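Written out below as structure tokens is the structure these notes cover.
When a ligand or atom number is given, it counts from 1 through the structure's own listing order. This is a predicted model, so every value here is computed, not measured.
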Amino acid sequence: MNAENVRPVTRCRVCGASNWQEVVAFGDVPLANAFLEPAASYEDEPAYPLGVVSCRSCRLMSVTHVVDPEVLYRTYSYVTSGSETMTRHMEFVAEVCRERAGLAPGHLVVELGSNTGQQLAVFARDGARVLGVDPARNLTAFAQRIGIPTLPEFFTPSTAQAVGRAHGPARLILGRHVFAHIDDLAGVLAGVRTLLAPDGVFAVEVPYAVDLLEKHAFDTIYHEHLSYFLMRTLDTLFTRHGLSLFDVERLPVHGGSLLVLVGLPGVRPVTEAVGTLIAAEERAELGTDAGYQEFVRGVHTVREELPALVRSLVAEGNRVAGYGASAKGTTILNLCGLGPDEVAYCTDTTRLKQDKVLPGTHIPVRSPEHARADPPDVYLMLAWNYADEILRKEREFLRAGGRFVLPFPKPTVVSADSFR
Ligand code: TYD
Ligand code: ZN
């Protein structure tokens, strides 16, 4: 472990308590997006403790250790995928935000963690003034080139003030899958309060802890994801910071997510959807230690059965490759102890990842062209959150006798016959 870049979590970043239930502990694991150049040896590869605990007071699920964001984000290899699923999703997010925030041409839309600017491009197309804020210098340069103005910074109260001075208040502030990556939630929410117009909306998209728990999808647990939120926890968080969570949409992306809509208290009525989800969490006993036991058993089962299944396929003479070198994928391979002996390569559409090797397992990443020229017998579905789209795209592979292994909620094999 590299002690200088990591610190253990002591107090809850939502409620300040320090009474934790241990949920899972995975030992030292390399960073999920730290792809490496191929090398003869990987002796100095850093690894950091990875585990999840649940706050007995507000039921925030948190990683046990926080890695310095300068290490994680200044150069970043996660690029918003240009997949059909994601493109459609971005249109949907824009539609919900437009309607809830009453967006009109000329309004300011600010996105935190704007990555390559694809989501903001949707708002810009409809006439909004847009501004991205993202610390990943390699990605903001790309966003600028496609015409999306972007500040290469972390979003802090002082960044918020500077943006407000230069551009005026924001009608919409958006944080898509960035919120779970933030340790200093108080700082970000202070910035949001500074920059948001009085009737503005802060829209936050996070992976939903209930989906993680139900699917046993422990591969979404990696160092970048500091928080796994329940609705009740989000509600507590925003209330503590002088904001009001007034509406929510439950979405299928990234294995199951929430889009929560937040404003200043009293501006908009709180919809029924908010109470409905909080009540369902109560019924599932997620306010008590017992509510997490089934997840712990499910994780254990997948970590035993998945490597056993892959090894038996290899032993029968099949060549296995990974589909998608997602952060989830690198995590599941590391946590299941699968390496190049079992998984020949991982195919991925992201140029930044191709011809590198996966963190920890050192499995090579290959382009889709390479994979088509040298297909395996079986694909391990690592980007399972895009399973529908991928299975459609790989009809030919299936028709030719190829199979896919789906890891969650329990490892299963699918072939062309599965769709008859
Ligand atoms: P994603 O689930 O978006 O992210 P995370 O890294 O947070 O787990 O990653 C999906 C990965 O799968 C991404 O690297 C792109 C890749 N991918 C393909 O290679 N082919 C595809 O058809 C799709 C949809 C994704
Ligand atoms: Zn708490």
Q: Report yes if some N/O of Y222 lies less than 3.5 Å from some N/O of ligand 1; otherwise report no.
A: yes
Q | R268 bridged to D247 by N-O distance under 4.0 Å | A | no
**Q.** Shortest protein heavy-atom distance from atom 6 (O) of ligand 1, along with the residue and atom involved
**A.** A327 N, 2.7 Å
Q.
For Y292 together with F295, are the ring centres under 6.0 Å from each other?
A. no
Q: Report the nearest protein non-hydrogen atom to atom 2 (O) of ligand 1: residue, atom name, distance rounded to 0.1 Å.
A: N385 ND2, 2.8 Å
(Q) Could you walk me through whether L226 and I182 satisfy the side-chain contact (heavy atoms from CB on, under 4.5 Å) test, starting with their C-alpha distance in whole Å, then the side-chain angles of each, then the deciding distance to 0.1 Å, before giving a yes or no? (A) CA-CA 7 Å; L226 305 182; I182 296 169; 5.8 Å; no
Q.
Tell me which pairs pass side-chain hydrogen bond (donor to acceptor under 3.5 Å, both in side chains) where either residue lies in residues 212-221, with sequence neighbours left out.
A. H216-E294, D219-W384
Q.
Please determine whether a side-chain nitrogen of the Lys or Arg among R403 and D417 lies less than 4.0 Å from a carboxylate oxygen of the Asp or Glu.
A. no
(Q) Students should be able to answer this: which protein heavy-atom is nearest to atom 16 (C) of ligand 1, and at what distance? (A) D348 OD2, 3.2 Å
Q. Looking at atom 19 (O) of ligand 1, what's its closest protein heavy atom, distance included?
A. T349 N, 3.0 Å
Q. Does A383 approach ligand 1 within less than 4.0 angstrom via side chain, backbone, both or neither, non-hydrogen atoms only?
A. side chain
Q. What protein heavy atom sits nearest atom 22 (O) of ligand 1, and how far off is it?
A. K393 NZ, 2.4 Å
Q) Relative to the heavy atoms of I390, which atoms of ligand 1 are at a distance of less than 4.0 Å? A) 22 (O)
Q: Check each atom of ligand 1 against the heavy atoms of Y323 and keep those under 4.0 Å away; list them by number with element.
A: 20 (N)
Q) Should the proximity of M86 to ligand 1, defined as any heavy atom under 4.0 Å, be assigned to the side chain, the backbone, both, or neither? A) neither
(Q) Test of geometry: compute the angle SG(C12)-the Zn ion (ligand 2)-SG(C58) and round it to 10°. (A) 100°
**Q.** Nearest-contact summary for atom 4 (O) of ligand 1 - protein heavy atom, Å
**A.** Y78 CE1, 3.3 Å
Q) Given side chains that start at C-beta, do those of I278 and D235 come closer than 4.5 Å, heavy atoms only? A) yes
Q | Which of the ligand 1 atoms, numbered from 1, are nearer than 4.0 Å to a heavy atom of G324 | A | 12 (O)
Q. Is it true that D68 and R7 have a side-chain N and a carboxylate O under 4.0 angstrom from each other?
A. no
Q: Around atom 9 (O) of ligand 1, find the nearest protein heavy atom and jot down its residue, atom name and distance.
A: S326 CB, 3.3 Å
Q) Do F408 and F218 have ring centres separated by under 6.0 Å? A) yes
**Q.** Salt bridge flag under 4.0 Å for residues R125 and E91
**A.** yes
Q) Of all the heavy atoms in H254, does at least one lie under 4.0 Å from an atom in ligand 1? A) yes
Q) N33 to ligand 1: N or O pair under 3.5 Å? A) no
Q | Carboxylate-amine/guanidinium proximity below 4.0 Å for E389 and R88 | A | no
